[in-house]
Amino acid sequence: MLASPGTLHHLLPPPHLAFAAPHGGPGTTPQHALLPLSGLRGHLAPLAYASSRRARRRASGARVRASVGEVAPLAVSEEASTSGPTKFSMKIPVGDRHILVETGHIGRQASASVMVTDGETVLVCRLIDRPLRPTMPKGFYYETQILSWVFSYDGIHSPDCLAVTAAGIAICSYLPQSFLCRALSEVPNKQTIAGVRIGMVNDQFVVNPTTEQMEDSELDLVMAGTDSAILMIEGYCDFLTEEKLLQAVETGQVAIREICKAIDGLVQKCGKKKMVDAIDLPPPELYRHVEDISGDDLVKALQIKEKILRRKALLALEEKVITILSEQGYVAKDEPSGASENLADVIEEEDEDEVIVDGEVDEGDIHIKPVSRKPLRQLFSEVDVKLVFKEVSSKFLRRRIVEGGKRSDGRSPHDLRPISSQCGLLPRAHGSALFTRGETQALAVVTLGDYQMAQRIDNLVDTEESKSFYLQYTFPPSSVGEVGRIGAPNRREIGHGMLAERALEPILPPEEDFPYTIRVESTITESNGSSSMASVCGGCLALQDAGVPIKFPVAGIAMGLVLDTLEFGGDGMPLILSDITGSEDASGDMDFKIAGNENGITAFQMDIKVVGITLPIMEQTLLQARDGRKHILIVSSDFAFHCLPQDEMSNCSPPPAKVLSPYAPLIHVMKVKPNKVNLIIGSGGKTIKSIIEETGVYAIDTGDDGTVKITARDLSSLEKSKTIIANLTMVPKVGEIYRNCEIKSIAPYGAFVEIAPGREGLCHISELSSSWLAKADDAFKVGDRIDVKLIEINDKGQLRLSSRALLPDANQESGNKQQASGSSREKTPQTDNLVKMTTRKPRRKKQAEPSTAEANTPVKNATASSKDLASQGSEMGKK
């Protein structure tokens with residue numbers, strides 16, 4: 001079954017369109033039915049469609065339009081009819097709100113569409129697909145497609161859970177009495193399915209919370225199920241305990257039960273017959289024949305520990321079984337070797353006039369005809385043989401685990417595979433780790449960068465959004481010994497990458513403390529189960545190797561399940577498997593991935609292959625998974641932050657560096673006054689570009705709140721840029737003295753002196769020298785350096801400087817004036833003391849001190865231009 005939400009934009013929440021279309025077997029052409037987009041002006045309108053196409057060119061399906069608030073998903077089923085459309089509507093309870101569901105018939109329209117395959121769309125596709133797969137019956141080979149659109153989004157209600165419910169309604173089933181016969185579509189699925197989201201705000205669970213509530217939520221749980229069991233859960237939290245998670249799942253199960261009850265009532269009103277006759281199961285005797293042929297060889301093959309060797313043995317055995325059953329033919333051991341004939345054909349009474357034919361034996365009164373000894377051979381289709389061989393292999397593997405208590409690699413159900421790890425194996429990378437668990441291996445590489453490396457995200461509300469931490473997961477064909485095309489990330493890679501990313505996100509330091517963009521790239525070099533959880537372990541080690549000060553180390557583990565143990569000689573209780581391999585995932589009933597540490601869970605994802613599991617089974621799985629994580633992360637009594645405990649991962653050789661790589665950029669954050677930011681930027685970005693070119697830093701980022709981030713390649717360039725920005729944004733004060741300042745330009749009325757990079761003031765001709773000057777350039781030229789004192793700041797912020805105030809004659813004159821006033825002991829302080837006194841900066845208490853930035857404080861108004869200063873000089877000249 002293919003699940004792909006298509007178009008319009010991305011998945012808009014409320015208007016959601018999902019189509020489920022089963023198509024006839026071989027020889028039929030798949031068809032798609034699209035709904036018209038006109039007339040949908042609501043805020044959120046998802047649509048789900050389920051239809052089937054047969055040789056008589058008639059499409060049959062169900063349309064469902066579900067809405068929460070101003071979010072409206074639609075699911076449609078189409079069937080040819082001469083009568084007008086009949087509509088039904090009912091409310092489905094969702095927490096403290098209701099979903100309005102309308103069903104009816106809609107005409108087909110040809111329409112072009114643009115498929116959007118962004119990460120968010122793919123993740124929602126997986127949410128729709130995963131709970132539907134277990135409900136599809138064996139033997140239903142019609143191509144089935146779920147198409148889902150969001151036509152309207154109100155920015156309040158998320159569309160993903162609504163899309164799951166809309167798709168579930170489109171192909172939902174109703175079981176009157178004891179057999180499956182009616183539903184909105186002809187797809188013969190087994191159960192009615194609904195989806196909900198559970199949040200936790202102020203320690204209270206909220207069913208289908210709004211986007212605003214999710215901002216304060218400690219839990220993001222998406223789950224789908226039936227009225228009696230759970231089919232799929234996925235979510236992320238901040239070290240939530242197992243007990244809290246179970247309570248959240250129980251809350252969601254209650255909400256799902258109410259929705260399923262309402263859906264069943266809807267199906268009773270407008271349901272149609274299921275395509276039960278389309279189910280084509282392999283012949284029952286084929287299972288016995290495959291077991292007879294493969295038998296002992298299959299048992300031996302499943303005992304091979306190495307994945308590649310085991311797979312080769314199973315492939316060779318499968319080819320043997322296919323050859324015998326589909327080409328050569330097979331004769332069962334318990335069947336007669338000859339063709340059966342009626343006794344009347346074999347035995348005939350002797351006639352006196354009858355002549356004995358050659359080849360017959362005269363036995364007196366009867367003639368015995370010779371019977372052919374050539375056995376009849378049975379032939380089966382290759383497809384059926386492959387399907388049955390897969391089921392028989394799973395059955396034998398499950399029996400080995402239940403009866404013998406041993407898995408393919410010899411472990412018990414609770415044992416974990418051997419673990420080894422290595423950090424720093426890539427010398428030029430900022431951080432790297434190779435994590436190996438059994439035959440699963442992940443190479444995690446961390447790269448640190450500035451804000452420009454943040455991942456930009458398109459969303460439904462048209463606001464700019466970016467992520468300063470993201471994980472990219474790559475699963476090349478070589479990791480499983482295959483050859484294949486490598487292109488854009490597929491659905492599996494996107495889903496696994498997001499799971500590992502969310503598992504690591506809670507352990508990262510706040511961006512204020514570690515202002516880097518962090519990119520983790522996990523490449524699977526070898527895979528035999530749980531590669532996403534290996535990415536969590538490897539990513540945690542790589543983050544430490546890159547010097548990221550994580551809060552706690554985390555690990556991930558995948559859990560499996562054999563639900564019906566009674567069939568294989570067990571006690572009937574479900575058997576939980578820790579750290580499952582690929583074959584146990586394929587042959588088992590559950591794949592439950594859980595990441596976190598011994599204190600709580602950070603991410604989880606559960607898929608099952610049976611029609612639901614119960615809360616007690618989930619509780620047992622969570623507790624056993626916690627023991628598995630403890631094996632990987634055993635915290636000693638003297639555990640300290642930022643140090644790995646003495647456990648499996650701490651045996652890493654070499655261990656994580658836990659310091660920034662010399663190849664990583666340096667990032668310094670400083671605060672300036674918001675009104676000084678423009679001084680750093682300059683006209684058209686001229687000033688900030690000149691600082692970057694002069695100092696050689698990578699980038700300088702300014703924020704409206706006065707935050708300035710400098711990204712540099714080394715410490716020297718960082719210090720240069722800090723000094724320039726500090727000087728640009730300093731707040732000059734009257735009486736301060738500036739030494740060795742350069743004269744930038746000369747005018748008839750004075751000289752313009754640069755007291756700091758980009759900050760100039762006018763030293764009037766009368767303040768240049770103690771003696772009279774006709775023109776400023778009579779005594780000075782551009783490039784000369786002089787000492788000046790700030791004597792005035794006018795209303796425009798322009799600076800008036802004086803060099804004469806620092807000359808000996810001026811000091812002597814000032815001293816004479818003091819003596820004349822009668823203070824014989826008061827003299828002009830020496831220059832050095834004057835500098836110390838005038839350059840002292842006041843410190844603010846109980847306020848973040850901007851290091852050198854208050855004095856360093858960047859400013860948001862550009863430096864006074866030379867033209868402004870020139871006008872100031874003209875005014876002063878007139879005086």
Side-chain angles (χ1 to χ4, degrees), residues 4 117-126 129-130 234 236 307-308 419-449 453-457 467-505 508 517-546 548 554-558 580-582 585-586 591 593 595 603 605 607:
S4 81
T117 321
D118 65 336
E120 184 67 21
T121 301
V122 171
L123 292 174
V124 177
C125 274
R126 287 170 57 85
D129 174 71
R130 284 158 44 202
E234 180 170 332
Y236 319 100
K307 175 183 176 180
I308 300 299
I419 295 173
S420 64
S421 53
Q422 177 183 358
C423 286
L425 67 162
L426 303 180
R428 283 302 299 257
H430 299 164
S432 60
L434 184 67
F435 180 84
T436 307
R437 177 162 47 192
E439 293 180 305
T440 298
Q441 187 178 74
L443 174 62
V445 181
V446 171
T447 304
L448 304 177
M453 288 184 63
Q455 189 179 54
R456 290 170 175 79
I457 302 173
K467 292 197 301 185
S468 59
F469 169 70
Y470 52 100
L471 186 146
Q472 295 173 326
Y473 169 96
T474 305
F475 191 90
S478 58
S479 63
V480 289
E482 296 177 357
V483 176
R485 177 181 174 275
I486 297 179
N490 56 36
R491 295 174 55 215
R492 181 181 180 277
E493 289 175 315
I494 292 174
H496 281 41
M498 180 56 67
L499 178 64
E501 177 183 312
R502 295 291 185 89
L504 293 172
E505 194 169 12
L508 297 177
T517 293
I518 306 173
R519 174 179 180 262
V520 180
E521 182 180 4
S522 177
T523 302
I524 306 304
T525 58
E526 183 182 12
S527 177
N528 186 16
S530 189
S531 58
S532 61
M533 296 296 97
S535 298
V536 174
C537 300
C540 181
L541 290 171
L543 287 170
Q544 295 178 89
D545 191 53
V548 179
V554 293
I557 187 172
I580 58 175
T581 61
D585 180 9
D591 179 14
K593 302 179 180 70
Q605 182 184 92
D607 295 316

Can you find a heavy atom in the side chain of [X] that is under 4.5 Å from one in the side chain of [Y]?
X    : Y    : result
Y236 : E501 : no
Q455 : Q472 : yes
V520 : L543 : yes
T447 : M453 : yes
S468 : T517 : yes

Starting at [atom1] of [X], measure out to [atom2] of [Y] and round the result to the nearest 0.5 Å.
X    : Y    : atom1 : atom2 : result
M498 : L471 : CE    : CG    : 9.5 Å
S531 : I524 : OG    : CD1   : 4.5 Å
Q441 : S479 : CD    : OG    : 10.5 Å
I557 : I580 : CD1   : CD1   : 9.5 Å
D585 : D591 : CG    : CG    : 4.0 Å
S522 : E493 : OG    : CD    : 10.5 Å

* Can E234 and R130 be said to form a salt bridge (Lys or Arg N to Asp or Glu O under 4.0 Å), step by step? -> CA-CA 11 Å; E234 180 170 332; R130 284 158 44 202; 2.5 Å; yes

For [X] and [Y], work out which heavy atoms get closest and say how close.
X    : Y    : value
A442 : T525 : N-OG1, 4.5 Å
A503 : A595 : CB-CB, 3.6 Å
L541 : S421 : CD1-CB, 3.6 Å
P476 : I486 : CB-CD1, 4.5 Å
E526 : E439 : CG-O, 2.9 Å
V536 : A555 : CG1-C, 4.1 Å

* Asked: With sequence neighbours left out, which residue pairs that include part of residues 467-489 fulfil the ring-ring contact (aromatic ring centres under 6.0 Å, His included) condition?
  ->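 For residues 467-489, and leaving out neighbouring residues, the ring-ring contact (aromatic ring centres under 6.0 Å, His included) pairs sorted by first residue read Y473-H496.
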
* Between the main-chain N or O of A603 and the side-chain N or O of K593, is there a donor-acceptor pair closer than 3.5 Å? ->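 The answer is no, because no donor-acceptor pair under 3.5 Å joins these two groups.
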
* Main-chain N/O of T440 paired with N528 side-chain donor or acceptor, under 3.5 Å ->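 Such a contact is absent between N528 side chain and T440 backbone.
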
* Given the rule in the side chain to side chain contact (heavy atoms under 4.5 Å, CB included) test, do R491 and D129 qualify, once you have shown the distances and angles that lead to the verdict? -> CA-CA 11 Å; R491 295 174 55 215; D129 174 71; 3.8 Å; yes

* Starting from the C-alpha separation in whole Å, work towards a yes-or-no answer on side chain to side chain contact (heavy atoms under 4.5 Å, CB included) for V445 and T523. => CA-CA 8 Å; V445 181; T523 302; over 6 Å; no

* Any chance you could lay out the side chain to side chain contact (heavy atoms under 4.5 Å, CB included) test for M533 and L499, step after step, and finish with the verdict? => CA-CA 9 Å; M533 296 296 97; L499 178 64; 3.7 Å; yes

